[in-house]
Amino acid sequence: MKLFDTLAGEIVDFVPRKAGEVSLYACGPTVYSHPHLGHARQSITYDVIRRYLEWSGIRVHHVANITDIDDNIINRAKDEDSTEPEVAKYWTEVYDEVMADLGVLSPHDRPHATEYVEEMVELISVLVENGSAYANDSGVYLRVRSVPDYGALVHRTPDELAEGAGARIEVDDNKEDPLDFALWKAAKPGEPTWESPWGAGRPGWHIECAAMSLGILGDGFDLHGGGNDLVFPHHTNERAEAIAAGREFAKYWVHNAMVNIGGEKMSKSLNNFTTVRELLDEDPLNARALRIVLLQTHYRKNLEVNTKVMAVARETLKGIDAMVRRADNAGLDRTSTARDADAITKFRAAMDHDFGTPEAMATVFDLVRRANIAIDSNAADATPLALTAMELANALGLAVGQAAEAGDDDVDIEALVADRAAAKAARDFETADQIRADLQARGITVEDTADGSIWYRA
RNA sequence: GCGUCGGUGCCCGAGCGGCCCAAGGGAAGGGACUGCAAAUCCCUACAGUCGCGGGUUCAAAUCCCGCCCGGCGCUCCA
C-alpha cells in the first residue's frame with residue numbers, strides 16, 4: 001500500500017509498525033462553534049481511510065481528539081456569559097450529532113485536551129529538563145532552533161521560516177527567538193488554569209495533540225492526519241515537541257485538502273462557511289451525497305462544494321440506490337457470499353495507491369451498471385455483481401442497501417399500490433395514474449417492473 | 001517573496017512513462033423497454049489533445065526546465 005507522505009513529500013510505501021495493525025491520529029476540532037464543510041471533509045476523509053483499512057482486515061486504532069480549551073472557547077464563554085466547560089460540552093455534542101448524521105464512525109478513542117493536562121505537563125517537564133524548553137514568567141517555550149529537523153514537515157528550514165514570518169511575528173520579549181512557541185501559558189485573570197511546576201496556567205495548542213497521540217498510540221505510531229492548513233504551525237510543532245523530548249513521532253503524515261467557496265478556503269476566520277447542519281437540512285440525501293462528492297475527488301485536491309455539486313451527487317447516489325432496489329425486487333439473496341473477484345482486485349488497487357477513491361468509485365459504478373444488465377436479463381451473476389457493488393460502496397461508508405425506515409403509513413401505501421395494480425390490470429389507466437400521482441405528491445415514487453410494482457420514499 | 005499542491009470535455013473529475021485516438025459521475029441528443037411514466041440498458045456528440053513554451057525518451061497528460069494562472073501555508077484555522 002502506498003500513500004502520499006507529507007514529510008517525505010512524495011508517494012511512499014506504507015509499512016505499519018506492526019503488520020496487520022494501523023494506528024491513526026487525526027486532529028479533531030476545537031469545539032466552540034458549528035462544524036462546517038471543512039470539518040466534514042476532514043472527518044470523512046479519515047473515516048474512509050479507516051473503513052477501508054478495516055474492510056481489508058487490518059485492525060485500526062483511530063484516535064481523534066477534542067480540543068476543549070483554547071482562546072476561542074474562552075472568548076465564546078465570555079461572550080455568552082457562560083463557562084469554558086459548558087461551551088465545550090455543548091459544541092462537542094453538536095459535533096457528535098453532525099458526524100453521526102454524516103455516517104462518520106466514532107473514533108476508538110476521543111481524548112479531551114483537558115483530561116490530558118497531566119501528560120502534557122510531564123512532556124513539558126522532559127523538554128525543560130533536557131534544555132529544549134525554557135520557562136519564564138509568561139510561560140514555557142520550546143527552543144525551536146535546538147530541534148533537529150525542525151520545519152521538515154513544511155519543507156522549510158528555521159531560517160526560511162523566520163524570514164517568511166518576519167512581518168507577522170509579534171515582538172515578544174519573553175521569547176529567546178521569534179520562532180519559539182508556547183508549551184505552557186501562564187495564567188491570565190479570568191481564564192481556566194491548571195497547576196504546573198511553572199505556576200498555574202494552561203497548555204499551548206500543539207502540546208495537546210503531542211501528548212494525546214503519544215499517550216494513547218505510543219512512540220512511532222503509524223499515521224497522523226489533518227487538514228493541510230495544519231501542517232504549519234500545528235503539526236510541525238507537535239512533531240518538534242516529540243522529537244525534542246526524544247520520542248519517535250508519527251511515521252507517516254496524511255493531509256487532506258481544503259473545501260473552497262468561490263475559490264477560497266472555507267473557514268471560520270473568513271466567515272464564508274456552510275455549516276454541515278445547513279447542508280443536511282437542505283435535503284435528506286445530502287449526508288450520503290456529500291460523501292459521494294468527497295469520494296469522487298481525491299482527498300489531496302481542493303474541492304468546491306455548492307448546490308450544483310450536491311445536486312449532481314444526489315443524482316449519482318440515486319443511481320446506486322436504484323440498482324439495489326431493483327436487485328432486491330428481483331429476489332437478491334443478500335446472504336450469498338459470491339463476489340466479483342476482478343472488481344475487488346481493481347478496487348483494492350485503486351485504494352492502495354494513495355487512497356484513490358475516485359478510481360475506486362469508478363469500479364463501483366461499473367459494477368452497478370453490470371448488475372443492472374444482469375438483473376434485466378435474469379442472469380445468474382446479478383447476485384455477485386450487486387453484492388460486490390454494495391460491499392465496496394459500504395466499505396467506503398456509503399451506507400448502501402440499508403432497509404428503508406418503516407413509516408406509519410406503510411400499510412396505507414401498500415393498499416394504494418395494490419389498488420393501482422388492480423386498476424392497471426383492468427386497463428383503467430386513468431385511475432392507476434391518479435394513484436401514482438397522488439403517491440408522488442406524498443413523496444412516494446412507484447415504479448413498475450417485470451416482477452410487479454415497487455415503491456420507495458424519495 | 002519563499003514553500004507546497006494544482007491547471008484535463010458543457011460541468012465535476014480520474015489518469016501511479018507505453019495497456020490514453022484520456023476512466024468515472026452529472027447534464028445533453030437519439031433509441032430500446034413501458035398503456036404512459038419512472039427505473040434500466042444501448043448509441044451519439046462531447047478533450048483532434050491534457051495552461052503556455054522548451055527539453056529528455058524509441059515512447060510524455062504523466063519526467064525535467066522556464067513562464068502564466070489558481071488554492072493552501074508562512075504562528076486563530078480541518
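Numbers restart at 1 for each chain; the letters A, B, ... are given by sequence-line order, proteins then strands.
In this structure, B:G48 shows a glycosidic angle within 90 degrees of zero, which is the syn conformation.
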Subject >> Summary of protein contacts for nucleotides 4-14 of chain B, nucleotide by nucleotide, where a base hit scores B, a sugar-phosphate-only hit scores S (4.0 Å, heavy atoms) >> reply: -S-----S-SS

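With sequence neighbours excluded, the residues forming a salt bridge (Lys or Arg N to Asp or Glu O under 4.0 Å) with A:D13 are A:K2, listed by chain and number. Residues satisfying the salt bridge (Lys or Arg N to Asp or Glu O under 4.0 Å) criterion with A:K301, sequence neighbours excluded, are absent altogether. A:R145 meets the salt bridge (Lys or Arg N to Asp or Glu O under 4.0 Å) test with A:D159, A:D177; sequence neighbours excluded. Checked against salt bridge (Lys or Arg N to Asp or Glu O under 4.0 Å), A:D68 has no partners two or more places apart in sequence or in another chain.
Here the rule is ring-ring contact (aromatic ring centres under 6.0 Å, His included) with A:H224, and of A:W253, A:Y46, A:Y252 only A:W253 fits it.
Among residue pairs with one or both ends in residues 389-400 of chain A, those qualifying as salt bridge (charged side-chain N to carboxylate O under 4.0 Å, His left out) are A:R339-A:E391; sequence neighbours excluded. Screening residues 310-319 of chain A for salt bridge (charged side-chain N to carboxylate O under 4.0 Å, His left out), with sequence neighbours left out, gives A:D283-A:R314, A:E315-A:K318. Counting only residues at least two apart or on different chains, no salt bridge (charged side-chain N to carboxylate O under 4.0 Å, His left out) pair has a member in residues 34-46 of chain A.
Between A:R202 and A:D70, none of the side-chain N atoms (NZ, or NE/NH1/NH2) sits under 4.0 Å from a carboxylate O, so this pair counts as no salt bridge. A salt bridge links A:R239 with A:D149: at least one charged nitrogen is closer than 4.0 Å to a carboxylate oxygen. Residues A:K346 and A:D366 are not paired through a salt bridge, judged by the lack of any N-O separation under 4.0 Å between the basic side chain and the carboxylate.
Of the candidate nucleotides B:C36, B:A39, B:A38, B:A39 has the atom nearest to the side chain of A:R326. Closest to the A:T30 side chain, of the nucleotides B:U40, B:A38, B:A78, is B:A78.
Residue-level contact check: A:V364 touches neither bases nor backbone, having no heavy atom under 4.0 Å from any strand.
Within residues 252-271 of chain A, the residues having any heavy atom closer than 4.0 Å to RNA chain B are, in order of number, A:N256, A:A257, A:M258, A:V259, A:N260, A:G263, A:E264, A:K265, A:M266, A:S267, A:K268, A:S269.
Take the nearest nucleotide of RNA chain B for A:D180 and for A:Q42: the residue whose nucleotide is more 5' is A:D180. Place A:R370 and A:F365 on RNA chain B by their nearest nucleotides, and A:F365 ends up nearer the 5' end.
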**OP:** For RNA chain B, produce a single dot-bracket line, 5' to 3'. Pairs: Watson-Crick or G-U wobble, both distances under 3.5 Å. Symbols: ( ) within strand, [ ] crossing, | other strand, . unpaired.
**Re:** (((((((..(((.....[.....))).(((((.......)))))......(((((..]....))))))))))))....

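Between the side chain of A:R156 and the base of B:C74 there is no donor-acceptor pair of N/O atoms closer than 3.5 Å. With hydrogens and angles ignored, no donor-acceptor pair under 3.5 angstrom links the side chain of A:N228 to the base of B:G73.
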Polar atom pairs between nucleotides 42-45 of chain B and protein, under 3.5 Å, N or O only, would you list them?
| from | atom 1 | to | atom 2 | distance (Å) |
| --- | --- | --- | --- | --- |
| B:C42 | OP1 | A:R369 | NH1 | 2.9 |

What pairs of donor and acceptor atoms, side-chain ones from residues 451-458 of chain A against any protein atom, are under 3.5 angstrom apart with sequence neighbours left out?
| from | atom 1 | to | atom 2 | distance (Å) |
| --- | --- | --- | --- | --- |
| A:S453 | OG | A:D448 | OD1 | 2.8 |
| A:Y456 | OH | A:R325 | NH2 | 3.4 |
| A:Y456 | OH | A:E447 | OE2 | 3.0 |
| A:R457 | NH1 | A:D410 | OD1 | 3.3 |
| A:R457 | NH2 | A:D409 | OD1 | 2.7 |
| A:R457 | NH2 | A:D410 | OD1 | 2.9 |

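Using bins of under 30°, 30° to 60° and over 60° for the plane-to-plane angle, the ring pair A:H234/A:H206 lands in the tilted bin.
Phosphate contact (OP1/OP2 of B:C41, side-chain N/O of A:N372, threshold under 4.0 Å): present.
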